Every structure is written in structure tokens, then in C-alpha cells.
Amino acid sequence: MLPSRFDYVAAHSIEEALAAKAQGDEDTRFLAGGQSLLPMMKLRLAVPSKLIDINRIDGLGGVERRNGHLRIGAAARHADVAASDAAFGAVAAAAPWISDPLVRNLGTLCGSVAHCDPEGDWNSVLLATGADVVARGPGGERSIPIAEFVQDMFANSLASDEMVTEVRVPVPSGRSGGSYVKLERKIGDYATVAVAGHLELGDDGRIAAAGLALTSVAPINLKVAEAEALLVGNQPGPELFAEAAELAAAAADPRDDVRGTARWKRQVVRTFTGRALAAAADQALKG
Amino acid sequence: MEVTVNVNGTDHTADVEPRKLLVDHIRTVVGLTGTHIGCDTTSCGVCTVLLDGAPVKSCTVLAVQADGRSVTTVEGLKSGGELHPVQTAFSDEHGLQCGFCTPAMMLVGAALLEQNPDPSDEEIRWAISGNLCRCTGYMNIVKSIRAAAEAKATAAAGADS
């Protein structure tokens with residue numbers, strides 16, 4: 001299969017990439033790993049007029065700790081995140097479960113985040129950990145909280161003249177733990193259901209901050225704010241987590257499809273939320 | 001646009017349309033047909049090549065993206081007239097049935113052994129988890145990659161003594 005015709009620009013700097021975007025029409029797209037975009041182009045679900053390849057821009061890769069956050073550059077591959085000692089909590093837990101090993105060698109975290117596929121894993125992880133997406137445009141750089149970045153199914157809040165340059169995940173100062181619990185029919189398939197959990201513990205052992213988000217069970221990656229609010233201020237434990245799991249199951253809006261019935265998926269959300277929170281608490285207590 | 005891709009140690013320069021996929025470039029322009037096209041939808045991994053040493057699906061890379069980079073196909077596994085230990089092992093251990101996925105499986109196996117010379121069966125299965133074998137001959141594929149690891153270790157020990 002061949003994608004339809006397009007112009008190709010290999011940018012060598014962010015400025016060059018932004019200039020090419022400004023000169024292009026509304027169907028101009030950035031190309032990072034291409035592991036979602038190219039399959040869509042081959043099926044003609046995406047028909048870009050121009051692709052701006054950002055893979056040759058120096059300094060756009062990297063997974064590292066910087067100024068109290070984990071920085072993941074726009075050209076960093078899923079495999080780079082999985083192999084990184086800097087990654088932690090839910091980010092480290094999710095990385096090995098992104099697609100399959102071959103896709104992880106090319107696909108990027110930032111590309112997946114910008115793609116805003118509700119069946120994509122990373123936006124749940126970023127919602128749970130309270131990450132920011134950093135975008136660069138002609139006016140400079142701005143930091144967008146992930147909850148504002150994800151607008152809708154396949155829609156982000158970038159302006160047409162902006163590109164994502166990195167994602168920043170705050171590194172908690174105290175004890176913390178994170179998890180990503182994913183059910184998939186086979187490696188490489190989208191999640192049937194997945195749950196991202198993140199817990200920070202105060203000195204008194206109570207939960208000081210909590211993050212919980214769901215994949216594949218709503219029109220967007222779903223942050224379960226009710227459950228997060230319930231968790232904060234309480235001692236971690238099975239009964240609390242069971243209550244949070246009920247709230248997550250109630251918030252989920254799954255659909256019947258080839259991967260299972262909505263009723264069953266809601267039950268998986270309930271079970272996996274309990275497991276995700278238990279794993280996060282376990283990691284925080286050992287931390 | 002003009003693109004130069006180093007395939008199995010040799011530079012190949014050609015005028016390439018941006019929409020041409022790397023797998024088509026390798027098969028039709030470079031002329032090496034050991035890289036197969038399976039699903040053509042980023043699912044099966046049969047088109048695997050090593051891009052700068054890392055296994056990727058060549059149906060999901062544009063040829064222009066490979067400009068200035070090196071690609072290893074199954075034809076590049078053999079060196080100096082000698083089969084790669086993975087190739088010998090797939091032959092000895094019957095690591096193939098119909099053979100369609102075999103070039104990809106051998107490349108993934110060879111790349112794994114570069115990173116991890118003594119992988120467990122679990123690590124081998126994890127490494128090939130992006131590659132489908134429609135004959136379902138996974139047992140012997142795992143066995144072959146393990147045998148290749150052992151053969152490489154034996155050869156290295158022999159070279160040391």
C-alpha cells in the first residue's frame with residue numbers, strides 16, 4: 001500500500017520545522033516515529049499535504065531528570081523510555097507495554113501523546129502523574145497541563161503553528177509509587193482496558209497526592225477525579241482502594257466491541273483499579 | 001528526492017518519491033527480496049529490518065527517513081561466506097516451517113544476541129513478540145535463537161583459549 005502523495009521536509013532545527021509548518025496548509029503534519037501516522041496514511045485515513053520530519057533535529061531526543069521533572073524529548077522512542085534509569089512510577093511501568101518491541105524502537109511518547117487516541121496508553125499515564133506537554137511556536141514556548149492538552153478523540157489543544165518539543169513529568173519529592181495495569185488480547189493490540197495509578201505519601205503515611213486514569217473505556221483517556229479526591233488524606237489500604245475502584249467503574253463509559261462487552265470491561269476497570277492502586281502503594285512504601 | 005541508504009554495508013543512492021516505503025525501496029530499487037511484505041498494516045513484523053541495528057517494521061518507515069542511515073536485511077546476516085550463528089541454528093533446529101517469517105525472526109534474534117548474549121526463553125519470547133509466525137512454529141524459533149546464543153558463546157570461548 002502507498003500513502004497518497006505529499007511533500008517531505010527533513011527539518012534540522014525546531015525553527016526550521018516551525019517555519020515549514022507556518023508555510024504549509026492545514027494538512028501539514030509533523031513526523032516523529034510515524035508508527036500511528038504512517039499506518040493511517042497507508043489506509044488513507046490521514047492524507048497530509050506535507051510531512052515535516054523532526055527526527056534529524058539535534059537535542060530533541062533524550063529521557064532525563066531535569067529541574068525536578070522527568071523530561072522526555074519529542075524524538076525519544078518508547079524503547080528509550082523503557083530502557084531509561086530516569087523513568088519512574090507509572091511511566092516506567094507503562095513503557096514495556098506500549099505496542100510491540102518493533103514499534104517501540106521507532107514510535108515516540110510525544111507523538112503518541114499528540115495523537116490523542118483514547119486507546120493510546122501514554123495519555124492515561126500523563127493524566128495520572130500530572131504531566132505537562134511543552135509546545136513551541138513562533139511566540140516561544142508554553143507548558144500545557146495534560147488535562148488541557150487532551151481535547152477530544154484525536155484532538156489536542158495545540159495551535160496550528162505549534163509543535164510538541166517535550167513532555168515533563170513532575171518527580172515527587174517524597175515517597176511515591178506508580179503503576180500501569182493493562183489487559184490486551186495480544187502484544188501489539190490496543191488495550192482492552194488499562195489503568196494508570198500514581199500515589200504520593202506524606203510523612204504521616206497518608207496519601208498526599210493521587211492520580212488515576214483509564215484507557216480504552218471512554219471517548220478520551222479518562223481522569224477519575226472523584227477517585228483521586230477520595231484517596232487524598234487517607235491511609236492507603238484495600239478498603240479505600242475498593243471504594244476508589246467503585247468510583248472508577250462508575251466513571252468508565254465502555255462500549256461493546258470485538259474486545260468484550262461493556263459490562264465486562266467495567267468489571268475489569270474495577271479489578272484493575274484495585275490492583276493498580278495496590279501496586280502503586282506497595283512501590284511507595286518500599287521506596 | 002535523492003536518498004542514500006547503506007544496505008548491508010553498501011551505499012545505494014536513488015531518486016525516491018517521499019511516499020515510497022522502505023520495504024518497497026529495498027525490494028524494488030535495491031533489489032533484495034529477502035525482506036517480505038506480510039500484512040502491510042504494521043501488525044505482523046514480517047518486513048523487519050535492522051535500522052542502525054534496531055529491528056523495525058520496514059513497511060512503516062519511509063525510504064526518505066532512512067537517508068544516511070544503515071539497514072541490515074536478511075541478506076546481510078551472512079559475513080565472509082559464513083552463515084550467521086542464528087542462520088545455522090534455524091537450519092539445525094528446524095526453526096522454520098513455511099519460511100515466510102524467517103528472515104524477520106532471524107534478524108530479531110541476531111539483534112537480541114547483540115544486546116543480550118545469554119537470553120532466557122522468556123526474554124527471547126519477549127523479543128519476538130512483535131513478529132507473527134502463521135505456522136505457529138514458535139517453539140522451534142525460540143529453541144533456534146537459544147541455540148544460536150550457545151553457539152556464539154562456544155565460539156567466543158574457543159577464540160579466547
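Quantities reported herein were computed from a predicted structural model and do not represent experimental measurements. In what follows, every chain begins at residue 1, and chains take the letters A, B, ... in the order their sequences are listed.
Proximity to chain A (any heavy atom under 4.5 Å) is shown, for B:S129, by both the backbone and the side chain. Using a 4.5 Å cut-off between heavy atoms, A:L51 contacts chain B through its side chain alone, with no backbone atom that close. Contacts of B:E17 with chain A are made by side-chain atoms alone, with heavy-atom separations under 4.5 Å and no backbone atom involved. For a residue to count as touching a neighbouring chain, one of its non-hydrogen atoms must lie under 4.5 Å from one of that chain's; by this rule A:S4 touches chain B with the backbone only.
Of all the heavy atoms in A:L102 and B:G45, the pair that sits closest is CD1-CA, 3.9 Å. Smallest separation of non-hydrogen atoms from A:G34 and B:T60: O-CG2, 3.8 Å.
Residue A:K186 qualifies as enclosed at atom NZ: its count of foreign heavy atoms under 6.0 Å is above 12. Under a cut-off of 6.0 angstrom, the local environment of CZ in A:F154 is crowded, with over 12 non-hydrogen atoms contributed by other residues, nucleotides or ligands. Counting non-hydrogen atoms of other residues, nucleotides and ligands closer than 6.0 Å to CZ of A:R29 gives a total of 12 or fewer.
Proximity to chain A among residues 134-143 of chain B is not found for any residue, judged by heavy-atom separations below 4.5 angstrom. Residues of residues 109-118 of chain A lying under 4.5 angstrom from chain B, judged on non-hydrogen atoms, do not exist. Residues of residues 78-92 of chain A lying under 4.5 angstrom from chain B, judged on non-hydrogen atoms, do not exist. Residue-level contacts of residues 93-126 of chain B with chain A, in order of numbering, are B:V108, B:W126; threshold 4.5 Å between heavy atoms.
The structure places CD1 of A:I187 at 11.0 Å from CG of B:N131, a figure rounded to the nearest 0.5 Å.
The choice from A:L43, A:L31, A:D7 that makes the most heavy-atom pairs within less than 4.5 Å of chain B is A:L31. The greatest number of non-hydrogen atom pairs below 4.5 Å with chain B, out of A:G33, A:P101, A:A10, is found for A:P101. Interface remark: of the candidates B:I128, B:L51, B:L62, B:L62 forms the most heavy-atom pairs closer than 4.5 Å to chain A.
Taking the side chain as every heavy atom from C-beta outward, B:Q65 and A:L38 approach each other to under 4.5 Å.
Within the 3.5 Å criterion, the main-chain N or O of B:T42 finds no donor-acceptor partner in the side chain of A:K42. A:N105 places a side-chain N or O within 3.5 Å of a backbone atom of B:P55 that can act as its donor or acceptor partner.
Using a cutoff of 4.0 Å between basic side-chain nitrogens and carboxylate oxygens, A:D100 and B:K57 are scored as salt-bridged.
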